[in-house]
S.K.: 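Right, I'll just put the structure down here and ask away after.
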Amino acid sequence: MKHQTLVDKNLEFVWHPFTQMGVYRQHDPIIIKKGKGSYLYDTKGRRYLDGYASLWVNVHGHGEKRLNKAVEKQLSSIAHSTLLGSSNIPSILLAEKLVDITPTSLRKVFYSDTGSAAVEIAIKMAYQYWKNIDPVKYKKKNKFITFKNGYHGDTIGAVSVGGIDTFHHIFHDLIFENIQVGCPSFYHSQYESDQELRESLLDQIEHLLQTRGDEIVGVVMEPLIQGATGLFVHPQGFLKGVEQLCRQYNVLLIVDEVATGFGRTGEWFACHHEDVEPDIMCLGKAITGGYMPLAATLTSQRIYDAFLSDQHGLKTFFHGHTYTGNQVVCALALENIQLMKERKLIPHIQKTSKVLDQHLRQLEGHPHVGHIRGRGLMYGVELVSDCEKHAPLPIRTVEHIIAECKNRGLMIRNLENVITFVPVLSMSKREIKKMTSIFKQVLTDVLGS
Ligand code: PLP
């Protein structure tokens, strides 16, 4: 089909996510036709380096034969049967594998299909956990400690535990109340040092646990990096500190590794950096190598046991989706993990992360580069109009930079005034260098050196 026909049909029928369609329709859209390795190809025959891993999901590159084969093999047996009342082979084997590669506290796997659903499930499980063990003693427990600028997805529960003012404003009447603490981002804080910020936030959390512990179900957090609101890197030891408080005051630690999981921060999971053993972990995005939707909520034995009963309707977790534990996506995820191990992807990421860091840091001192931060292959460059005041670069200029990068063959995205570098995890050193040099050249051409 011709590019223009697709453009017309796109505008006539598709409502794009997180998009003001009134603005979108003013521009010629990119329509992706195929992918190969670290590159995407559009219907005009243009090629783009995939610098945001098709929304932080792609692991081994596009068109990976081993992943395609895993799908074909599974399809030749069966595409789908339900996990309600029966089980299936790939979902069993994948659950075993996920328990094996995640922190040792996690023993059980509950499947779903998006990161938001994984979080929604975590919230419901955590809440019901306390009601199941003692509904009288824990009857007041109905709130979570959450973080400003946290993002956990777009379903109502996930928005409720998020910390984005716009969403809270629009959906105010629908979301449930939580207790929010500040964003653990040093660059955006008034503190003198990273440690000072860490200690102050931990003190705030401790104070809440001491004074309102009877209301608190648990802490919900993105470990190490708050991704979707601007790649805010937490102070060293903050995650560990939160874990210790959860243990001390007996509330649940729920980590949302939807973005950080599967090598993105340079270890299998962000929790591994600080040796943290959560009660619940949410996974999604890269779990299938970025090929198909699958998510999972992992829990400890203690939580699982609290839902056990001899009677069917008693203590049961009343949640499930039609495609929960689908065979094709589980087979794909198994092959993704196998490939990650065979290809030693974690050490690869640790090496390419250094290249990314080094090349981006060459921009330090640029009058419009306020802050460079990140872990693994998850980096942000915050663009400012005034370095001293941290005043953001106007969004139109940021969007112009992004558009110019696309014109020169680099697909990246911005989160407000933060340019994000979250590339395909298997990207080579050469491709990483290419990605940063296109960006640097665009920055010079648009803003001067
Ligand atoms: N949690 C985190 C930390 C995320 O970054 C995201 C998406 O960016 C989600 C949850 C929601 O995942 P999904 O878009 O698959 O619903």
Side-chain angles (χ1 to χ4, degrees), residues 16-19 52-59 102 110-126 144 146-164 166-167 171 175 178 183-185 219-234 239 242 253-265 269-271 276 278 280-298 319 321 323-324 326 329 332-333 336 374-380 412-416 418 420-423 425:
H16 287 258
F18 274 108
T19 302
Y52 67 95
S54 295
L55 219 49
W56 308 3
V57 296
N58 197 288
V59 177
T102 51
F110 194 101
Y111 291 112
S112 57
D113 43 20
T114 65
S116 308
V119 171
E120 203 77 25
I121 289 162
I123 296 166
K124 288 172 74 177
M125 262 180 192
F144 293 83
T146 63
F147 293 91
K148 183 157 182 62
N149 291 325
Y151 178 72
H152 301 285
D154 304 323
T155 52
I156 291 298
V159 170
S160 300
V161 294
I164 301 178
T166 318
F167 295 178
F171 301 111
I175 59 182
N178 287 300
C183 174
S185 164
V219 178
V220 182
M221 70 187 295
E222 291 162 85
L224 233 56
I225 301 184
Q226 280 176 228
T229 46
L231 298 178
F232 302 122
V233 179
H234 295 178
L239 176 59
V242 174
L253 175 60
I254 300 145
V255 293
D256 175 355
E257 292 237 23
V258 168
T260 51
F262 296 94
R264 181 53 71 188
T265 65
F269 297 96
C271 281
V276 163
I280 301 182
M281 181 187 271
C282 306
L283 301 176
K285 286 204 187 277
I287 189 170
T288 60
Y291 274 45
M292 285 184 184
L294 172 67
T297 308
L298 276 70
H319 192 108
H321 299 283
Y323 283 100
T324 295
N326 167 266
V329 284
L332 193 48
N336 172 41
R375 300 290 291 262
L377 289 180
M378 198 172 186
Y379 266 73
I412 45 169
R413 279 177 64 85
N414 63 300
L415 295 165
E416 301 293 334
V418 181
T420 63
F421 297 85
V422 190
L425 288 173

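Order of listing sets the numbers, starting from 1, for every ligand and every atom in it.
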S.K.: Is it the side chain (CB and beyond), the backbone, both or neither of His152 that lies under 4.0 Å from ligand 1, heavy atoms counted?
M.R.: backbone
S.K.: Would you give the length of the straight line joining atom OG of Ser112 to atom CG of Leu294, rounded to the nearest 0.5 angstrom?
M.R.: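 These two atoms lie 7.5 Å from each other.
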S.K.: Using a 4.0 Å cutoff against the non-hydrogen atoms of Asp256, which atoms of ligand 1 qualify?
M.R.: 1 (N), 2 (C), 3 (C), 10 (C)
S.K.: So that I know where these two stand, are Phe262 and Phe269 an aromatic pair - ring centroids less than 6.0 Å apart?
M.R.: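 So the answer is yes for these two rings.
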S.K.: I'd like the name of whichever of Leu55, Val258, Thr155 reaches closest to atom 9 (C) of ligand 1 through any heavy atom.
M.R.: Val258
S.K.: Need the ligand 1 atom indices (1-based, order shown) with element for anything under 4.0 Å from a heavy-atom of Ala259.
M.R.: 5 (O)
S.K.: Determine the interplanar angle of the Phe167 and Tyr151 rings, folded into 0 to 90°, and report it as parallel if under 30°, tilted if 30 to 60°, perpendicular if over 60°.
M.R.: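 The arrangement is perpendicular - the two ring planes meet at more than 60°.
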S.K.: Can you check whether Gly115 has an N/O within less than 3.5 Å of an N/O in ligand 1?
M.R.: yes
S.K.: Looking at every heavy atom in both Arg264 and Leu377, which two are closest together, and how far apart are they?
M.R.: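 Closest approach of Arg264 to Leu377, heavy atoms only: NH1-O, 2.7 Å.
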S.K.: Below the 3.5 angstrom mark, is there an N/O of Ser116, backbone or side chain, next to an N/O of ligand 1?
M.R.: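 Yes.
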S.K.: Please determine if Glu222 has a nitrogen or oxygen closer than 3.5 Å to a nitrogen or oxygen of ligand 1.
M.R.: no
S.K.: How long is the span from the CG atom in Leu224 to the CZ atom in Arg375, to the nearest 0.5 Å?
M.R.: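 Going from the CG atom of Leu224 to the CZ atom of Arg375 covers 4.5 Å.
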S.K.: With rounding to the nearest 0.5 Å, note down the distance linking CD in Glu120 to NE2 in His152.
M.R.: 12.0 Å
S.K.: What are the two closest non-hydrogen atoms of Gly153 and Ser116, and how far apart are they?
M.R.: CA-OG, 3.3 Å
S.K.: Taking the non-hydrogen atoms of Lys285, is any one of them nearer than 4.0 angstrom to ligand 1?
M.R.: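 The answer is yes, since Lys285 has a heavy atom less than 4.0 Å from ligand 1.
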S.K.: Quick one: nearest non-hydrogen protein atom to atom 4 (C) of ligand 1, plus distance?
M.R.: Tyr151 CD2, 3.8 Å
S.K.: Could you list which atoms of ligand 1 come closer than 4.0 Å to a heavy atom of Thr114?
M.R.: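 Selected atoms, number and element: 15 (O), 16 (O).
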